Structures are given as C-alpha cells and as structure tokens.
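Computed from a prediction, not measured in an experiment: that's the story for all the values here. Order of appearance sets the numbers: ligands from 1, and atoms from 1 within every ligand.
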Amino acid sequence: MLVLGIETTCDETAAAVVRRRGEGPGEVLSNVVRAQFDAHAAFGGVVPEIAARAHIDALDGVVAKALSDAGVTLDELDGLAAAAGPGLVGGVIVGLTAGKALALAADKPFSAVNHLEAHALTARLTDGVAFPYLLLLASGGHTQLLAVLGVGRYLRLGTTLDDALGEAFDKVAKMLGLGYPGGPQVERRAANGDPARFAFPRPMHGRVEPNFSLSGLKTAVRLEAERIAPLSETDVDDLCAAFQAAVVDVVANRARAGARAFAESFGAPSALVVAGGVAANGPIRQALQGVASDLGAPMVAPPLALCGDNGAMIAWAGAERLALGLVDGLDFAPRPRWPLDAASAAPGAKA
Ligand code: KG4
Ligand code: ZN
C-alpha cells in the first residue's frame with residue numbers, strides 16, 4: 001500500500017510517500033520537510049498567521065517533490081492522508097484541504113490523521129513494534145505517557161500539569177537568548193556545561209501517577225539566571241546543562257512510574273517508545289534506554305529525521321488506518337484540539 005501524507009499542523013510544511021506491506025516496518029520512499037524557522041525566529045515562537053500563509057506558499061512544491069523523490073505518480077498511490085489536527089487551525093486547513101483535493105482528483109481513499117497518533121505509530125513504521133507498547137510522546141505542545149494498545153486505541157496514563165517538555169526547552173532557550181526552536185540549542189550548549197553547578201528541582205519525583213510538571217523547573221532556571229546576570233557564555237552553558245540534567249532525571253523517573261501503571265493493566269510492554277520532537281535529545285534517549293533495559297524491553301526512538309514533525313508519520317498512520325478499512329469523508333472538519341484518548345478530553349485537561 002502506497003500512501004502520500006501531508007503535515008501542516010505547526011511550523012513544518014511536510015509531505016512524504018510511504019509503503020506498507022503488512023505487519024512489520026514500512027518503507028519511507030520520500031520525506032520532504034520545509035521548516036519555517038526563519039519566518040518565526042524574530043518572534044521566539046510560531047506565529048499562527050505567518051505559519052498558515054507559509055504553508056500555502058510551500059505546500060504545492062513540497063508535495064510535488066515528495067512524489068518525484070519517491071518516483072511515483074498520484075495515480076500509483078493507494079491513498080492520501082493529511083493531518084487534521086491537533087494544531088494551529090490555519091495550517092491544518094491548508095494541509096487537510098490539499099489532501100482532500102488530491103484524493104478527490106485522483107479518486108483515492110482519504111485518511112484524516114491525528115498528528116499525535118502519527119507520532120505514536122512511528123515506531124511501527126521504523127521498527128515494526130507490536131502492540132501494546134508504552135509511549136512517551138514529548139513535543140512542543142504535548143507531554144504524555146500512553147499505553148498504545150492498537151490503531152486508534154490509546155490510554156493516557158499521565159500528562160503534564162503545566163508546560164510540555166519541548167515548551168520548557170523553548171522557554172529556557174528564550175530566556176537565555178538562544179534561538180527558536182530551543183531544544184537543539186539547549187542540548188548543544190548543555191554539552192559544554194557543568195550540570196552540577198546549579199541544583200534545580202526535579203518536580204513530581206517519586207509520585208505514583210505518571211504525570212509531569214515543568215513550570216517550577218523553568219522558573220528556577222529563570223530565577224538563577226536573573227541572580228547571576230549578566231550571563232557569560234559559560235553561565236549559559238552551565239544553566240543549560242543543569243536544566244537538561246534535571247529534565248533527564250524527571251523523564252526517567254516519570255517513565256518508570258508510567259511503566260508501573262502500564263504493567264498493572266496490560267502486563268509487559270513490547271517496547272518503551274519515545275516520539276515527538278523532544279525524542280531527538282541525546283541524553284533523554286540515553287536515560288530512557290536505561291529505563292527500558294530495567295524493564296527488559298527494547299527502547300525504540302525514531303531516527304532524528306522522524307522525531308520532529310514530518311509527512312512520513314502522517315502517511316504511515318494513514319496507511320495503517322486505510323489497511324483497517326478506516327476511510328474518512330471529504331467533509332472531515334479540522335480539529336484544532338483532538339486528544340488521542342477520550343478521557344483526556346475532560347474540561348480543563350491539557351491535551
Ligand atoms: O514534534 P515537534 O517537531 O512539533 C510539535 O508537534 O510540537 O516538536 C518540537 C519540539 C520543540 O519544542 C523543540 O524545542 C523540541 O521539540 N526539540 C527538542 C530537541 N529537538 C527538538 N527538545 C530537546 N532536545 C532536542 N534535541
Ligand atoms: Zn509533532
């Protein structure tokens with residue numbers, strides 16, 4: 001099954017062609033990602049209106065390149081998929097409408113994909129991981145521990161009570177005068193820093209419920225930065241290192257709590273999977289590797305190109321859904337909010 005996937009929920013315009021042959025890993029035939037970082041850099045974050053217009057400008061070219069890199073025509077596809085949310089509604093409208101239009105023009109089935117489900121299923125594209133598995137989904141807008149039970153079957157075990165992990169990296173980067181997105185910058189600066197120079201808190205450490213809280217840690221970094229200002233390059237390196245060390249401890253501790261919650265209901269997971277932009281972080285991957293080996297399960301993290309937002313994960317989730325006969329209508333409306341697990345749709349819950 002050959003599927004083209006389109007991703008426009010945030011600040012990457014992306015399209016890809018993926019092949020699914022059945023159970024087992026899939027094949028990425030093309031994966032075109034055009035990031036808009038430059039357009040948003042001056043604002044220290046994504047500006048929704050700028051993002052939506054940039055998607056309109058870029059999408060045709062990105063889709064054409066995804067098809068030509070893969071060496072396939074629209075007619076040879078078995079289906080079209082586009083992310084229908086959650087995300088910035090202006091961007092979602094652009095990609096979703098384009099996906100539907102291509103499906104209509106080519107007379108192919110269409111799949112409206114949940115962006116979070118696409119991150120969640122990436123480990124099956126890359127490694128053919130079997131259900132059920134424990135997933136840490138950590139991006140700029142989401143931080144959740146989930147039991148992935150099947151396509152469309154997710155149970156949220158824990159979530160963040162305030163900031164997302166990627167958001168904490170982005171905010172720390174911003175307060176230290178580093179660029180956006182902050183995660184890669186903080187990781188780079190932390191590599192030269194002394195993590196022991198500052199003792200930052202490890203929020204939620206030891207709690208049974210596998211939830212996260214990051215705003216206190218972020219505030220501790222800000223107070224320390226203000227106290228020692230003006231900051232030298234070494235100060236910035238050390239602040240990044242100490243912040244990242246705290247995050248790494250928190251992630252490992254919370255993943256262990258998630259593993260216990262998973263085991264109570266579902267027994268042993270087939271793998272500990274990490275997905276989303278934060279999965280690119282080396283020390284976080286390493287810490288999760290330790291948690292996984294204690295569990296006796298493999299740790300699966302996507303290759304760097306599939307950690308951040310991309311079209312391959314959308315194409316793959318579409319292929320998995322289409323293989324189960326799950327076809328969506330061309331009247332499918334964008335969903336700016338779209339939790340994976342109905343329980344997390346409760347009022348006030350942060351997706
Ligand atoms: O999944 P993603 O590309 O987009 C969202 O759906 O949010 O994740 C982007 C987030 C940003 O907050 C970015 O700072 C973070 O992932 N990120 C990282 C790293 N690379 C990206 N965080 C920590 N370390 C990294 N190396
Ligand atoms: Zn994402």
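For the residue pair D162/S213, the side-chain donor-acceptor check at 3.5 Å is satisfied. At a cut-off of 3.5 Å, with distance as the only test, a side-chain donor of S232 or D235 sits close to an acceptor on the other residue. When only modelled atom types and interatomic distance are considered, N281 and Q244 share a side-chain donor-acceptor pair under 3.5 Å.
Residue contacts with ligand 1 leave out C10, since none of its heavy atoms falls under 4.0 Å from the ligand. Residue-ligand proximity: H115 is placed with a non-hydrogen atom under 4.0 Å from ligand 1. At least one heavy atom of H119 lies less than 4.0 angstrom from ligand 1.
At the shortest separation from atom 7 (O) of ligand 1 among protein heavy atoms lies G140 N, 2.8 Å. Atom 3 (O) of ligand 1 has as its closest protein heavy atom D309 N, 3.1 Å. Distance from atom 24 (N) of ligand 1 to its nearest protein heavy atom, with residue and atom name: N281 ND2, 3.0 Å. Considering only non-hydrogen protein atoms, atom 26 (N) of ligand 1 sits nearest to E187 OE1, 2.7 Å. The protein atom (non-hydrogen) at minimum distance from atom 22 (N) of ligand 1 is G183 CA, 3.3 Å.
Of the residues listed (V148, L146, L272), the one engaging L134 in a side chain to side chain contact (heavy atoms under 4.5 Å, CB included) is L272, and it is the only one. Among the candidates L77, L67, L80, the single residue satisfying the side chain to side chain contact (heavy atoms under 4.5 Å, CB included) test with L102 is L80.
No side-chain donor-acceptor contact under 3.5 Å links S265 to the backbone of F262. Not one N or O on the side chain of R34 forms a donor-acceptor pair closer than 3.5 Å with the backbone of L59. R285 places a side-chain N or O within 3.5 Å of a backbone atom of A279 that can act as its donor or acceptor partner.
Excluding waters, the set of protein N/O/S atoms under 2.8 Å from the Zn ion (ligand 2) reads H115 NE2, H119 NE2, D309 OD1.
Below 30°, between 30° and 60°, or above 60°: for W338 and F332 the angle between ring planes is between 30° and 60°, a tilted geometry.
Taking all heavy atoms of V33, L137, D170, L165 into account, the minimum distance to atom 14 (O) of ligand 1 is reached by D170.
A 6.0 Å sphere centred on CG of D60 holds no more than 12 heavy atoms belonging to other residues, nucleotides or ligands. Environment of CD in E27: crowded, with over 12 heavy atoms of neighbouring residues, nucleotides or ligands closer than 6.0 Å.
The contact set between ligand 1 and G308, taken as ligand atoms under 4.0 Å from a residue heavy atom, comprises 3 (O). Using a 4.0 Å cut-off to heavy atoms of G182, the atoms of ligand 1 that qualify are 14 (O). With ligand atoms numbered from 1 in the order given, ligand 1 contributes 7 (O) to contacts under 4.0 Å with heavy atoms of G141.
Checked against a 3.5 angstrom limit, the closest N/O atoms of G166 and ligand 1 fall inside it. Between P181 and ligand 1, no pair of N/O atoms sits closer than 3.5 Å. Ligand 1 has an N or O atom lying under 3.5 Å from an N or O atom of G277, backbone or side chain.
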I'd like a table of donor-acceptor pairs (distance under 3.5 Å, sequence neighbours excluded) in which one partner is a side-chain atom from residues 307-314, with atom names and distances.
from : atom 1 : to   : atom 2 : distance (Å)
D309 : OD1    : H115 : NE2    : 3.1
D309 : OD1    : H119 : NE2    : 3.0
N310 : OD1    : A312 : N      : 3.0
N310 : OD1    : M313 : N      : 2.8
N310 : ND2    : L306 : O      : 3.4
N310 : ND2    : G308 : O      : 2.8

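Cation-pi geometry between R189 and F243 is not met at under 6.0 angstrom from the ring centre and within 45 degrees of the axis.
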